[in-house]
Amino acid sequence: DQQVKQNSPSLSVQEGRISILNCDYTNSMFDYFLWYKKYPAEGPTFLISISSIKDKNEDGRFTVFLNKSAKHLSLHIVPSQPGDSAVYFCAASARYSNYQLIWGAGTKLIIKP
Amino acid sequence: DAGVTQSPTHLIKTRGQQVTLRCSPKSGHDTVSWYQQALGQGPQFIFQYYEEEERQRGNFPDRFSGHQFPNYSSELNVNALLLGDSALYLCASTAGGRIGETQYFGPGTRLLVL
């Protein structure tokens, strides 16, 4: 039973364009969401987060959008840069489980020059 | 400022053996969480250690156990290894015991069980 799903295993985007990574969840109790980025041979690195009381959070080139009614969140990267090529994980958590992270399977983002 | 370190980087074991993985948290962090990441999947939470005690546990059998030392470093022990235990084991540290945001991850230990 996958509570957090990233349905696109990979995504290829031209440098300079917008990258949109999607994530769906099933548990309506989730109230905190995070995106992590992972390069090969390194551990995941925290990128950006959003609380369920918001529908948008922005940090530089990265913006996360949350649609609670659709149980969907997305990460927008504008403009995309070669260094953004990595695997991106969506993770969700809930207060009732002491914010234990439930992770998606990841989306591999490839930025083409 | 050293980040999270893990040892060893790679390990090969056979079924039925036991393994110990080690983690040193980022300087200033007192909480260590362990994750298992199977190939093609996201990390799965194993357990968290805070103040030398297991504070929260994911859906893993008792074959998985751990320990935290007074210097906050931690060990993950897996007994009676199964082929399905082959995975990348990630350690993450944070301060103050909350599992959620801004965990700092080590590079992981890749375990192969033959």
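Quick caveat: nothing in here was measured; it's all calculated off a predicted structure. To find a chain, count down the sequence lines: A is the first, B the second, and so on, and within it residues start at 1.
Within 6.0 Å of CZ in B/Arg15 there are 12 or fewer heavy atoms belonging to other residues, nucleotides or ligands. Around the CG atom of B/Asn59, the shell of radius 6.0 Å holds no more than 12 heavy atoms that belong to other residues, nucleotides or ligands. By the 6.0 Å contact criterion, CG on B/Leu114 is enclosed, its count of non-hydrogen atoms from other residues, nucleotides or ligands being greater than 12. Applying the 6.0 Å contact sphere to CZ of B/Arg57 captures more than 12 heavy atoms from other residues, nucleotides or ligands.
When hydrophobic clusters are built by joining Ile, Leu, Val, Met, Phe, Trp and Tyr residues whose side-chain heavy atoms come closer than 4.5 Å, directly or via intermediates, A/Leu109 is grouped together with A/Leu47. Connection of B/Val19 to B/Phe47 is established within a shared hydrophobic cluster, with ILVMFWY side chains joined at heavy-atom distances below 4.5 Å, either directly or through further cluster members.
Here the closest non-hydrogen pair linking B/Gln41 and A/Phe89 is O-CE2, 4.0 Å. Nearest heavy-atom pair, A/Pro44 versus B/Leu90, reported as atom, atom and distance to 0.1 Å: CD-CD1, 4.0 Å. Summarising the geometry of A/Ala105 relative to B/Gly40, their closest heavy-atom pair is CB-O, 3.7 Å, with the distance given to 0.1 Å.
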Can I get a per-line list of side-chain donor-acceptor pairs under 3.5 Å for residues 59-66 of chain A, giving both atom names and the distance, sequence neighbours left out?
residue, atom, partner, partner atom, Å
A/Arg61, NH1, A/Pro79, O, 2.7
A/Arg61, NH1, A/Asp84, OD2, 2.8
A/Arg61, NH2, A/Asp84, OD1, 2.9

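Side-chain contact between B/Tyr35 and A/Trp103 is present, with heavy atoms from C-beta onward closer than 4.5 Å.
The part of A/Lys38 that comes within reach of chain B is its side chain, from C-beta onward, which places non-hydrogen atoms under 4.5 angstrom from that chain. For B/Gln6, no part sits under 4.5 Å from any heavy atom of chain A, backbone or side chain.
A donor-acceptor contact shorter than 3.5 Å links the side chain of B/Gln56 to the backbone of A/Ser97.
Outside the 6.0 Å centre-distance limit, the rings of B/Phe105 and A/Phe46 are not counted as a close aromatic pair.
The residue among B/Ala38, B/Ala92, B/Pro43 with the most heavy atom pairs within less than 4.5 Å of chain A is B/Pro43.
With values rounded to the nearest 0.5 angstrom, B/Gln48 atom CD is found 10.0 Å from A/Leu101 atom CG.
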